[in-house]
Visitor: 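Let me give you the structure first, and then I'll get to my questions.
Quick note: residue numbers are just sequence positions, from 1.
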Amino acid sequence: MAALRALGFRIARSGVQPLCRRPPAWGTAAPRLPGLPLAPCRAFSNNKILVELDESSGVATMKFKSPPVNSLSLDFITELCISLEKLENNRECRGVILTSAVPNIFSSGLDITEMCGKSMEHYAEFWRAVQEMWLRLYGSNMVTVAAVNGSSPAGGCLIALSCDYRIMVQNPKFIIGLNEAQLGIVAPFWFKDTFVNTVGHRVAERSLQLGSLHSASEAHKFGLVDELVPEEKLQEKAAAVMAQWLALPDHARQLTKSMMRKAVLDRLVAHREEDIQNFVNFISKESIQKSLRMYMEMLKKKKS
């Protein structure tokens, strides 16, 4: 908990909440205090997230820079939430492109070390932060475009799924998917809901049960990603897609997005504490801990 407080959050039963202003309600513009100058680009960045805001276009680029694989540790997730909140509260920012500054990887997903050999209190803190990340990203007023420039399993796939549009580099080595079942973990209902809303029930059911990781071509075929492009064209395409979405009036787009996503967001909010307890109970089981330890050992052998 201390880590979150130090980075500007307070802990409440309803979740991790920033000590500064909350993002505006759906369909409203974020207020700005009179007389305060706009923050420079560096104010949005932190240790693991590099953010650059082009105020002329209203588009921010958020780059994950937590080598070697941009794993979603508690620190990484907290910094991501802080960056999103700062952009959401800046009137000059209307959209954000999420991508990676680490070669060949978008994000490897949730950091397994956060879920193995820790206290139940730590598991609860970690899972609340994961919930907060998804609530902020899936419910953002901004246009969100995922420029997936590397592999993106599990939680990395969830980040991409939570965006309004997904563009992936056309590379046969890059994979994407919710592969939790391969680790002996069950994807929670809000991971599942986000996946179903993107690819449909049957594809999601099969993919989740098998813990499938899909090539870029497969992912494009059933709609997990919207477009495939050569790597050198990725940023250009992301900017073009962003311009297309920003050509619409913000209020109409925001209210439509809210209408489409509100039920899914509200479901987690209503069952947030229960979801945390379910995660803690599940991840604390010795059989699950054993599976995670075995997976971590396998990763160590691959590295060596």
Side-chain angles (χ1 to χ4, degrees), residues 1-23 39 41-53 60-90 93 96 98-102 105-142 144 146 152 154-163 188 190-191 194 265 268-269 272-273 275-276 279-280 283:
M1 297 295 181
L4 287 171
R5 291 193 185 99
L7 286 166
F9 282 81
R10 64 184 177 86
I11 311 301
R13 285 189 61 82
S14 59
V16 181
Q17 299 177 350
L19 293 173
C20 46
R21 291 169 291 152
R22 295 289 294 176
C41 292
R42 63 179 179 275
F44 299 102
S45 300
N46 44 50
N47 292 332
K48 300 179 185 299
I49 310 289
L50 175 64
V51 183
E52 298 174 350
L53 173 60
T61 300
M62 180 181 291
K63 295 181 179 179
F64 306 151
K65 58 178 187 74
S66 183
V69 291
N70 290 331
S71 59
L72 303 181
S73 65
L74 180 57
D75 287 345
F76 183 100
I77 292 169
T78 303
E79 292 187 7
L80 177 58
C81 288
I82 289 172
S83 294
L84 286 170
E85 190 245 347
K86 287 180 178 179
L87 292 174
E88 195 88 48
N89 280 333
N90 189 293
C93 185
V96 57
L98 290 87
T99 192
S100 171
V102 178
I105 189 78
F106 182 71
S107 169
S108 65
L110 300 182
D111 189 339
I112 295 176
T113 63
E114 301 281 9
M115 300 183 285
C116 189
K118 300 291 196 301
S119 67
M120 296 181 75
E121 291 77 14
H122 181 87
Y123 298 146
E125 180 183 10
F126 176 65
W127 198 245
R128 191 181 297 278
V130 176
Q131 291 176 333
E132 186 73 15
M133 176 189 73
W134 178 77
L135 289 168
R136 284 190 173 277
L137 187 54
Y138 198 65
S140 176
N141 271 325
M142 299 180 291
T144 53
S152 190
C157 179
L158 180 71
I159 289 177
L161 283 169
S162 301
C163 292
W190 41 285
F191 279 52
T194 311
L265 290 160
L268 176 58
V269 172
R272 193 164 186 183
E273 296 303 322
D275 181 63
I276 291 172
F279 172 78
V280 172
I283 210 69

Visitor: Please tell me if the side chains of T144 and Y138 come closer than 4.5 Å, counting only heavy atoms from C-beta onward.
Guide: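 With C-beta onward as the side chain, the pair stays apart.
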
Visitor: Between E79 (side chain) and K48 (backbone), is there a donor-acceptor pair under 3.5 Å?
Guide: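 Present.
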
Visitor: Could you go step by step and tell me if E132 and R136 meet the salt bridge (Lys or Arg N to Asp or Glu O under 4.0 Å) rule?
Guide: CA-CA 6 Å; E132 186 73 15; R136 284 190 173 277; 3.3 Å; yes

Visitor: For the backbone of K86 and the side chain of N90, can you confirm whether one donor and one acceptor N or O come within less than 3.5 Å of each other?
Guide: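 Between the backbone of K86 and the side chain of N90 there is no qualifying donor-acceptor contact (under 3.5 Å).
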
Visitor: Are E273 and R128 ion-paired here, with the side-chain N under 4.0 Å from a carboxylate O?
Guide: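 Looking at R128 together with E273, the answer is yes, because their closest N to O distance falls below 4.0 Å.
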
Visitor: Treating T194 as the side-chain partner and L161 as the backbone partner, does any N or O pair qualify as donor plus acceptor under 3.5 Å?
Guide: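 Answer holds: no.
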
Visitor: Counting C-beta onward and ignoring hydrogens, is there a side-chain heavy-atom pair between L110 and M115 closer than 4.5 Å?
Guide: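 Answer yes - side chains close enough.
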
Visitor: May I ask you to decide if K118's main-chain N or O and Y123's side chain share a donor-acceptor pair within less than 3.5 Å?
Guide: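 Flag set: sc Y123 to bb K118 pair under 3.5 Å.
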
Visitor: Is any side-chain heavy atom of V51 less than 4.5 Å from a side-chain heavy atom of T61?
Guide: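 Counting from C-beta outward, V51 and T61 never come under 4.5 Å.
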
Visitor: If you apply the rule ring-ring contact (aromatic ring centres under 6.0 Å, His included), what do you find for W127 with W190, and how did you get there?
Guide: CA-CA 13 Å; W127 198 245; W190 41 285; 5.7 Å; yes

Visitor: Determine whether a donor-acceptor pair (N or O, by modelled atom type, separation under 3.5 Å) exists between the side chain of K65 and the backbone of V102.
Guide: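 Flag not set: sc K65 to bb V102 has no pair under 3.5 Å.
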
Visitor: Let me know which of S100, S152, S108 forms a side-chain hydrogen bond (donor to acceptor under 3.5 Å, both in side chains) with N70.
Guide: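 Considering S100, S152, S108, a side-chain hydrogen bond (donor to acceptor under 3.5 Å, both in side chains) with N70 is found only for S100.
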
Visitor: Tell me which pairs pass ring-ring contact (aromatic ring centres under 6.0 Å, His included) where either residue lies in residues 67-88, with sequence neighbours left out.
Guide: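 Of all non-adjacent pairs touching residues 67-88, those that pass ring-ring contact (aromatic ring centres under 6.0 Å, His included) are F64-F76.
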
Visitor: Taking side chain to side chain contact (heavy atoms under 4.5 Å, CB included) as the criterion, tell me which of V280, I283, L72, L74 meets it with F126.
Guide: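 Exactly one pass, corresponding to L74.
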
Visitor: Quick one: CG on L80 to CD1 on I49, what's the gap to the nearest 0.5 Å?
Guide: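 Separation between the atoms: 5.0 Å.
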
Visitor: Using 0.5 Å steps for rounding, measure from the CE atom of M120 to the CD atom of E125.
Guide: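 Answer for the CE-CD pair, M120 versus E125, is 14.5 Å.
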
Visitor: Let's go through S73 and D75 carefully: what are the C-alpha distance in whole Å and the side-chain angles of both, what is the deciding distance for side-chain hydrogen bond (donor to acceptor under 3.5 Å, both in side chains) to 0.1 Å, and is it a yes or a no?
Guide: CA-CA 5 Å; S73 65; D75 287 345; 5.3 Å; no

Visitor: Roughly how far, to the nearest 0.5 Å, is the CE atom of M133 from the CD atom of Q131?
Guide: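 These two atoms lie 10.5 Å from each other.
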
Visitor: Would you say the side chain of V96 lies within less than 4.5 Å of the side chain of L98, judging by non-hydrogen atoms?
Guide: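 Of all side-chain heavy-atom pairs linking V96 with L98, at least one is under 4.5 Å.
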
